[in-house]
Amino acid sequence: MRFMTTSDKPDNASETPAEPTGVAAQDWTKASADPQYRAAVVDLLGALAYGELAAFERLAEDAKLAPTLADKAELAKMASAEFHHYEKLRDRLTEIGEEPTLAMEPFVAALDGFHRQTAPSDWLEGLVKAYVGDSIASDFYREVAARLDTNSRELVLAVLDDTGHAGFAVEKVRAAIDADPRVGGRLALWARRLMGEALSQSQRVVADRDALSTMLVGGVADGFDLAEVGRMFSRITEAHTKRMAALGLAA
């Protein structure tokens, strides 16, 4: 699900409701009295935490492909921001009485598998993966965050903040396409593959976690109904199309 937090926030991303109702108007102490809701939030934080840790590792690896020292330094700065996001999630899990490694463990295989299947072959593919692929997961988490209790929502939105990768990726990819237009076709195909893999992986992870899937389809607290799930993925797809345009790529 969540791979890293270096994506920009799309124009149509969910905002925190002006006047939240139900669970979204409650704090963690009250909302977590429901054991199934608590389990769902622990799953959510665990998935995010491992995503942030994996993002830190990936940015360090991507830095090895950087063509200049300035690019390498920029990625190092972003990696540091990702690790600080991980620490916030780890500390929150500890604060609510959960063992962070146990909360993350159910998501390790799926996320590692996704990254193995979508390993970039060069610097530009790595940038597109971070900007396009990871943004899909960010959009999903923002949608979910609008339905969380106040404390959990604030934390989730905070760790989804852009670490600077969005503008950096757009600048570098556009410059590469300007220099060699043939690059655009290859990267567009790569981005389409990322879109499919990211959506499939997100759906598999949710389906494997009963509390999380039940919350998302309205069985716990203020989840989505089935029709809203469809609309949510339509919004995510629309945001993907806008990001492709920002990169100068065809969706």
Side-chain angles (χ1 to χ4, degrees), residues 1-5 7 9-10 12-53 55 82 84-108 110-111 136-162 202-233 235-236:
M1 294 168 67
R2 175 61 177 163
F3 318 132
M4 66 187 297
T5 56
S7 59
K9 185 176 180 181
N12 64 344
S14 294
E15 300 286 350
T16 301
E19 296 181 1
T21 60
V23 169
Q26 299 174 10
D27 63 13
W28 168 253
T29 301
K30 185 174 181 180
S32 63
D34 180 341
Q36 195 165 25
Y37 175 79
R38 178 188 176 92
V41 172
V42 170
D43 275 350
L44 192 67
L45 298 184
L48 272 170
Y50 187 68
E52 298 296 344
L53 191 57
E82 299 293 353
H84 287 314
H85 286 167
Y86 158 74
E87 289 180 314
K88 288 181 180 180
L89 292 158
R90 178 202 62 193
D91 292 348
R92 177 57 177 166
L93 284 163
T94 300
E95 182 183 352
I96 64 175
E98 300 291 336
E99 169 54 50
T101 55
L102 293 179
M104 291 188 289
E105 186 62 36
F107 307 100
V108 172
L111 287 171
I136 295 167
S138 293
D139 292 345
F140 172 78
Y141 284 118
R142 287 191 180 97
E143 295 270 1
V144 175
R147 290 160 170 79
L148 298 178
D149 64 272
T150 56
N151 304 108
S152 299
R153 181 170 66 247
E154 181 180 358
L155 174 62
V156 169
L157 292 178
V159 300
L160 294 178
D161 278 349
D162 179 26
S202 296
Q203 291 166 347
R204 285 195 301 270
V205 168
V206 171
D208 287 344
R209 305 300 295 174
D210 289 344
L212 190 56
S213 60
T214 301
M215 180 179 74
L216 291 181
V217 296
V220 177
D222 304 321
F224 300 88
D225 59 28
L226 291 177
E228 179 58 20
V229 170
R231 290 191 290 269
M232 176 188 72
F233 280 108
R235 290 192 293 270
I236 290 172

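Everything quoted here is computed from the prediction, not taken from an experiment.
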- Message: Checking Leu148 against Leu44 for the side chain to side chain contact (heavy atoms under 4.5 Å, CB included) test, could you report, in this order, the C-alpha distance in whole Å, the side-chain angles of both residues, the deciding distance, and whether it holds?
- Response: CA-CA 10 Å; Leu148 298 178; Leu44 192 67; 3.5 Å; yes
- Over all heavy atoms of both residues, which pair between Arg153 and Ala146 is shortest? Give the atoms and the distance, please. CD-CA, 4.1 Å
- Listed by chain and number, what are the side-chain contact (heavy atoms from CB on, under 4.5 Å) partners of Glu154, not counting sequence neighbours? none
- Task: Grab the two heavy atoms, one from Gly51 and one from Leu111, that are nearest each other, plus how far apart they are.
- Result: N-CD1, 4.1 Å
- What are the two closest non-hydrogen atoms of Gly46 and Met104, and how far apart are they? O-CG, 3.4 Å
- side chain to side chain contact (heavy atoms under 4.5 Å, CB included) between Leu155 and Lys88, intermediate numbers included: CA-CA 8 Å; Leu155 174 62; Lys88 288 181 180 180; 4.1 Å; yes
- Between Trp28 and Tyr37, how do the two ring planes meet: parallel, tilted or perpendicular, split at 30° and 60°? tilted
- Message: Let me confirm one number: the CZ-OG1 distance from Arg90 to Thr101, rounded to the nearest 0.5 Å.
- Response: 11.5 Å
- Quick one: does Leu93's side chain get under 4.5 Å of Glu99's, heavy atoms only? no
- Message: If I take atom CZ from residue Arg38 and atom CG from residue Asp149, how far apart are they, to the nearest 0.5 angstrom?
- Response: 11.0 Å
- Item | Stepwise side chain to side chain contact (heavy atoms under 4.5 Å, CB included) test for Glu98 and Leu102 | CA-CA 8 Å; Glu98 300 291 336; Leu102 293 179; over 6 Å; no
- Counting N and O atoms only, with roles assigned by atom type, does the side chain of Arg92 sit under 3.5 Å from a partner on the main chain of Leu45, one being a donor and the other an acceptor? no
- Message: Please report the interatomic distance OG(Ser152) to CD(Gln26), rounded to the nearest 0.5 Å.
- Response: 11.0 Å
- Message: As a quick check of understanding, evaluate side chain to side chain contact (heavy atoms under 4.5 Å, CB included) for Tyr86 and Leu89, giving each step before the final call.
- Response: CA-CA 5 Å; Tyr86 158 74; Leu89 292 158; 5.6 Å; no
- Message: Going by the rule side-chain contact (heavy atoms from CB on, under 4.5 Å), which residues pair with Asp27 if we only count those two or more places apart in sequence or in a different chain?
- Response: Thr29, Lys30, Thr150, Asn151
